[in-house]
Structures are given as structure tokens and as C-alpha cells.
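Below is one structure, written out as C-alpha cells; comments come after it.
Throughout, protein chains are lettered first and strands after them, A, B, ... in sequence-line order, and every chain is numbered starting at 1.
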Amino acid sequence: MGDDRRSFSYYKAIPVIEKLPFKIESGDQVKNLPAIGKSLRDHINEIVTTGKLSKLEHFENDEKVRAVSLFGEVWGVGPATALKLYDKGHRTLDDLQKDDSLTYAQRTGLKFFDDIRQRIPRHEVSEMEKLLQEVGKDILPGVTIVCGGSYRRGKSSCGDMDIVITHDDGKRYTSKHVKPGFLPKFVQRLKDINFLREDLIFSINSIEGTDSGVDTYFGLCTYPGRELRHRIDLKVYPRNRYASGLLAWTGNDVLNRRLRILAESKGYVLDDTGLYLATQSSGGKRAGRSEAIVNCHEEKDVFDTLGFPYLEPHERNL
DNA sequence: CAGTAG
DNA sequence: CGGCCTTACTG
DNA sequence: GCCG
């Protein structure tokens, strides 16, 4: 437990196995597959021959594993905190509610645990996106508001909403050059109409900020007329960083990682704030980034610069 | 600083 | 053996 | 955990 590197290896092996056109009858059949090494092959062999995995038996019946993984599903609670809560003697979500060591965000995540876990039908996301666009353009005409994430990738239901925002007038709506900033107004307006309900994280870098370029809001919202809470993220990018922001928040994770690794191999650094030319950092292991970001106005520019065939959003479900 | 999230 | 997306906030 |  608590070894996410290792669990990630299992995670990577899953789609590899799922995509096999045949049923595995022997460990030899997975011998040369990527992401599957000796250890996983041994496990597969055991499952094939005995029908089960002895190692797993303990896990499923282990109260600790069950409690800690449950706690870890609460927003804001990671492996370390989950383990601490268990060691305090907590076993159920009800136990956690009595614990006063939880942060406000964690308490909120706990309070709406069942709500947040509900998936949102695509057409409802679509309506909420429209609502956000209406409210947004009322504050700032010409603002661009797009719902990314699995919604943009065409999924029929979404776990949350990733809203990516920019404005195309040459100014930098997330930098110190803007007095009040768009996001605080937007959030306030959305609270006024009872769309945004609880805050999780609200970070404004814009006032005198580090000019990191991105204002972010994480919180809970409701579909108009309902009380069911959904997770929503709002991110505001300057126009020159919008393409990389939209790309990153559309995902999926596998594509993001693939693009970032590709970027590095070609002498770039890619993240949600832009595509940069890597600099030769003298001391550090990792390549630094140049100030100059490669000019990517649209997502396609990022793909093109990296020499990666362009994928439409619905093709990014890797 | 560790922990957590995206 | 060491790397395995990076960056920024909360407490 | 897998990979080089």
C-alpha cells in the first residue's frame, strides 16, 4: 500500500491485457507484451492454473485495505492521510465525520461523498456548459468557455467538469496586469445564481501573482434546480497558453503523458501552461524551460510541432 | 515541509 | 540501479 | 511493478 509507482504498473498492464483478442490460457502468451514483466506473468500463471490469486485473498478480506482505500476516495484525502485516519481507529465514513482533524475541503468531500461519485449525464454537462458561457459573456464579452475532460472527448457521462477559459484580446486575464481578474467575478456570479455551492480550492495568482499564468477554482456545483453536488474545475488561461491548457485538461492522461515524453525527446517541455524549448540546465537532472514558449495558438499546433498526428478530441480516449 | 490534486 | 508528466496550493 |  502507498506504493503508487507499483500500482501504476498494474494499471498500465490492464488495458494491454484487455485488448488481447484471445483468452489467456498460459503465461507464455503474455511473455513479450509491454507493461507485463516476470512478476505479473507469474500472477497470470497462478490465476490460469489455480483460478485465483492467493495474494489477493488476504487483500479482499483485509479490513485495513478496505478502509484505507475507501478513505482515499474522499476528495483531499490521499494515501498518507487515509492511513493516519485508519491508525486513529476509524473504519467507516461515519467515523471520519467525527474527526476534527479534517480540513474544510476534506470535510466537504466527505459530506458530499455520494454526490460527487455520481456520474453526470452528457446532456446535463452540455446544459451547464451553456449556462457557464452565458454568465461568462455577461461579465466579459468575447470570453471563451469550454468544457474539457471526458465531456470533450465525447463520453456519454462524465465524472466531473473541467472548464477551460480564455479571452482573445491580447491582454492577459490571469496576470498581474488585470485589476480584479475574471475568475473572482465569475465565481461570485455563479454563487449568486446558486450554481457554485461549496469551495474546495480557490487560488488567484493574478492580483500581484507569480504570473504563473493560471487562475484556478475547484469546487462543487449543482445542476439548476437540484441539490446533487458535482465536482467542477475552472481554469483561466492567457490566450497564448490556452491551447496547451485545453489540450492538457481534455486529456486523456495517457495522451498527456505520451505527448510530454515525446516533447522531451524532441527538446521541448510541455505542460498545461505551454510548449517550451528546453534549456540546458547545468546542474539539475531535468531540462529547464526557456522563457520563450513555442507559438501554439491552437491544439493542432502542439501536435504539429511535436510531429504527432493530430487527434480530434473524441480520438483521445487512449 | 508533506500531502494532495489536476 | 534509478526513473516513472509537472506545478502549485493547503495546513 | 516495468523498463533501459
d([atom1], [X]; [atom2], [N]) in whole Å:
{"X": "A:Ile44", "N": "D:dC2", "atom1": "CD1", "atom2": "C1'", "result": "13 Å"}
{"X": "A:Tyr10", "N": "D:dC2", "atom1": "OH", "atom2": "C1'", "result": "11 Å"}
{"X": "A:Arg6", "N": "C:dG2", "atom1": "CZ", "atom2": "C1'", "result": "15 Å"}
{"X": "A:Leu102", "N": "C:dT10", "atom1": "CG", "atom2": "C1'", "result": "14 Å"}
{"X": "A:Asp272", "N": "C:dC9", "atom1": "CG", "atom2": "P", "result": "12 Å"}
{"X": "A:Phe218", "N": "C:dT7", "atom1": "CZ", "atom2": "P", "result": "16 Å"}
{"X": "A:Ile201", "N": "C:dG11", "atom1": "CD1", "atom2": "P", "result": "8 Å"}
{"X": "A:Lys38", "N": "D:dG4", "atom1": "NZ", "atom2": "P", "result": "18 Å"}

Measure from the side-chain heavy atoms of A:Leu40 and tell me the nearest of D:dC2, C:dT6, C:dC5.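 Nearest to the side-chain atoms of A:Leu40, counting from C-beta on, is D:dC2.
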Quick one: which of C:dC9, C:dG11, D:dG1 gets closest to the side chain of A:Thr103?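 It is C:dG11.
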Who clusters with A:Ile261? Use side-chain heavy atoms, under 4.5 angstrom, across I, L, V, M, F, W and Y, and order the result by chain and number.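 Result for A:Ile261 is none, singleton.
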Any donor-acceptor pair under 3.5 Å linking the side-chain atoms of A:Asp99 with those of A:Ser101?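 The answer is yes; a qualifying pair exists.
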Nearest heavy atom decides the nucleotide; on that basis, is A:Ile261 or A:Tyr104 closer to the 5' end of DNA chain C?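 Its nearest nucleotide lies further toward 5', so the answer is A:Ile261.
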Of A:Ala105 and A:Lys12, whose closest DNA chain C nucleotide lies nearer the 5' terminus?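 First, find each residue's nearest nucleotide; the 5'-ward one identifies A:Lys12.
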Determine the sole option in A:Asp272, A:Asp162, A:Thr216 for which the side chain to side chain donor-acceptor pair (under 3.5 Å) test with A:Lys235 is passed.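 Only one of A:Asp272, A:Asp162, A:Thr216 forms a side chain to side chain donor-acceptor pair (under 3.5 Å) with A:Lys235, namely A:Asp162.
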Using atom types as modelled and distance alone, determine if a side-chain donor or acceptor of A:Thr166 lies under 3.5 Å from a backbone N or O of A:Tyr237.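 Answer holds: yes.
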For nucleotides B:dT4 and C:dT6, find the distance between their C1' atoms and express it as a whole number of Å.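 Pairwise C1' distance, B:dT4 against C:dT6, rounds to 14 Å.
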Using the P atoms only, state how far C:dC5 lies from D:dG4, rounded to an integer number of Å.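 One P to the other, the span is 14 Å.
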Minimum heavy-atom separation for [X] to [Y], with atom names?
{"X": "A:Asn252", "Y": "A:Asn317", "value": "ND2-C, 3.6 Å"}
{"X": "A:Trp75", "Y": "A:Ala105", "value": "CZ3-CB, 3.6 Å"}
{"X": "A:Leu220", "Y": "A:Leu200", "value": "CD2-CD1, 4.2 Å"}

Which part of the nucleic acid does [X] contact within heavy-atom distance under 4.0 Å: base, sugar-phosphate only, or nothing?
{"X": "A:Arg41", "value": "nothing"}
{"X": "A:Asp162", "value": "sugar-phosphate"}
{"X": "A:Asp233", "value": "sugar-phosphate"}

Does the side chain of A:Arg257 get closer than 4.0 angstrom to OP1 or OP2 of C:dC5 through an N or O atom?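 Looking at the OP1 and OP2 atoms of C:dC5, one of them is under 4.0 Å from a side-chain N or O of A:Arg257.
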How would you list, by chain and number, every residue that makes a side chain to side chain donor-acceptor pair (under 3.5 Å) with A:Gln188, sequence neighbours excluded?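 A:Asp192.
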Provide the start and end nucleotides, 5' to 3', of the part of DNA chain B that has atoms under 4.0 Å from heavy atoms of chain A.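 From 5' to 3', the first and last contacting nucleotides are B:dG3 to B:dG6.
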